[in-house]
Protein chains: 2
Amino acid sequence: MSDHEQQPLPPTSRQSGDALPPVEQHAQQYETVRNAHETELIEDYVELIGDLLRHRGEARAADIASRMAVSQATVSKMIRRLNELGLVTSRPYRSLFLTEEGQRMAETSRARHDIVLHFLRALGVRDTTARIDAEGMEHHVSDETLTIMQRFTESHQP
Amino acid sequence: MSDHEQQPLPPTSRQSGDALPPVEQHAQQYETVRNAHETELIEDYVELIGDLLRHRGEARAADIASRMAVSQATVSKMIRRLNELGLVTSRPYRSLFLTEEGQRMAETSRARHDIVLHFLRALGVRDTTARIDAEGMEHHVSDETLTIMQRFTESHQP
DNA sequence: AATAATTGTTAGCAAAGGCTAAACTATTTG
DNA sequence: CAAATAGTTTAGCCTTTGCTAACAATTATT
Ligand SMILES: [Mn+2]
Ligand SMILES: [Mn+2]
Ligand SMILES: [Mn+2]
Ligand SMILES: [Mn+2]
């Protein structure tokens, strides 16, 4: 075993940063993030399709492409995948629709997204910023935190 | 132009979900998230290497692999990339070290990570959950929100 | 009806981030 | 010091998510 203590680093310079968590716990943090990233895009597509259907009555591939700032080819490919996953139905040149399962996912995602967005606004974040932050944060917020956010929002502007 | 209003949808069923943002703003939300995802992994590696150096005096590939719950091959490949990016220096079979730029990135990431973690704890989230959520959220929190989180934490446990 | 514009699909490419298996190097132990 | 163990690297594979370019189908305009 080689000695690891090179310069003992004065304990004063270390008021910053918590201790390292135990290896298994630390590993679980990263694993959870990787899992979230696997479903993140799917959720955003399904959620957006649901929003378009609700607000516009139809959800076209071109709308998705411009709202996501992504090429139509990318959207087309993703739609095939959503189809295979049983989340949407699509006929060429027609609006997309959500399956039962797709609707459930859209609803869950939208609810979660709204909780995060409203929480950020209640905290005092400007609307534009809150929307940007919520789009990314939503996929990484546990149910526990979500509940706490919801309570906070309710109690801070009834 | 085909008419989109199929069923006008009773306005009562719509207390949920805000209006759709204008296309350009909506697009920017997703773009920001995609950009964050590009740097996210890099930041986590650099931050972890910094933490290992600080707490353990050295940062070995094997430690990174077990803490990230990823294969050693994956770590080895990523180290080469960090090297090419000028963030770390590495001699084969020796500890990694951070370059000047790597140290700056580690410091910035750690500070941001801590702000999010402490904020969640101040909100009332349990430690384990807070750590998991912070690991994912940290990359999607704007400077504006970060500042607000910091103020909140300070004023809620002095 | 013919043409133009929009919308959608397909093919082919690339980078990122995983993995396993095999080879190699270093360290620890008998 | 030889053998065993632990750590590191490389090669080759796969999936996801993006892109552009070319083509096809639909819808809108003249
Ligand atoms: Mn969303
Ligand atoms: Mn999102
Ligand atoms: Mn972090
Ligand atoms: Mn992280």
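Residue numbering restarts at 1 for every chain, and letters A, B, ... go by the order of the sequence lines.
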Open item on the list: With no hydrogens and no angle check, just 3.5 Å: does a side-chain donor-acceptor pair link Thr129(A) and Glu144(B)?
Closed with: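 Looking only at side-chain atoms, Glu144(B) and Thr129(A) do form a donor-acceptor pair, the distance falling under 3.5 Å.
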
Open item on the list: With side-chain hydrogen bond (donor to acceptor under 3.5 Å, both in side chains) as the criterion, how do His140(B) and His37(B) come out once you've worked through the C-alpha distance, each side chain's angles and the decisive distance to 0.1 Å?
Closed with: CA-CA 9 Å; His140(B) 300 284; His37(B) 284 163; 3.3 Å; yes

Rounded to whole angstroms, how far apart are [atom1] on [X] and [atom2] on [N]?
| X | N | atom1 | atom2 | answer |
| --- | --- | --- | --- | --- |
| Arg91(A) | dT26(D) | CZ | P | 12 Å |
| Asn83(A) | dT10(C) | CG | P | 12 Å |
| Asp63(B) | dG7(D) | CG | P | 8 Å |
| Glu58(A) | dT7(C) | CD | P | 10 Å |
| Asn35(A) | dT15(D) | CG | C1' | 15 Å |
| Tyr30(B) | dT17(D) | OH | P | 15 Å |
| Ile64(A) | dT6(C) | CD1 | C1' | 16 Å |
| Glu43(A) | dT17(D) | CD | P | 12 Å |

Open item on the list: Applying side chain to side chain donor-acceptor pair (under 3.5 Å) as the test, list every pair that has at least one member in residues 92-101 of chain B; sequence neighbours left out.
Closed with: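 Listed by first then second residue: nothing to list.
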
Open item on the list: Please report the interatomic distance CG(Leu53(A)) to CZ(Arg56(A)), rounded to the nearest 0.5 Å.
Closed with: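 The CG atom of Leu53(A) sits 11.5 Å away from the CZ atom of Arg56(A).
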
Open item on the list: Please tell me if Arg60(A) has a side-chain N or O lying less than 4.0 Å from either OP1 or OP2 of dT7(C).
Closed with: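 For dT7(C), neither OP1 nor OP2 has a side-chain N or O of Arg60(A) closer than 4.0 Å.
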
Task: Backbone of Pro21(A) reached by a side-chain donor or acceptor of Arg67(B) within 3.5 Å - done: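 Yes; judged by distance alone, with no hydrogens or angles, the pair exists.
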
Open item on the list: Taking any heavy-atom pair under 4.0 Å as a contact, classify Arg94(A): base, sugar-phosphate, or nothing.
Closed with: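 Sugar-phosphate only.
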
Task: Carboxylate-amine/guanidinium contact Glu107(B) Arg110(B), below 4.0 Å - done: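 Judged by the 4.0 Å cut-off on N to carboxylate O distance, Glu107(B) and Arg110(B) do form a salt bridge.
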
Task: Per-nucleotide protein contact string for nucleotides 16-24 of chain C, where B marks a base within reach and S marks sugar-phosphate only (heavy atoms under 4.0 Å, - for neither) - done: SBBBBB--B

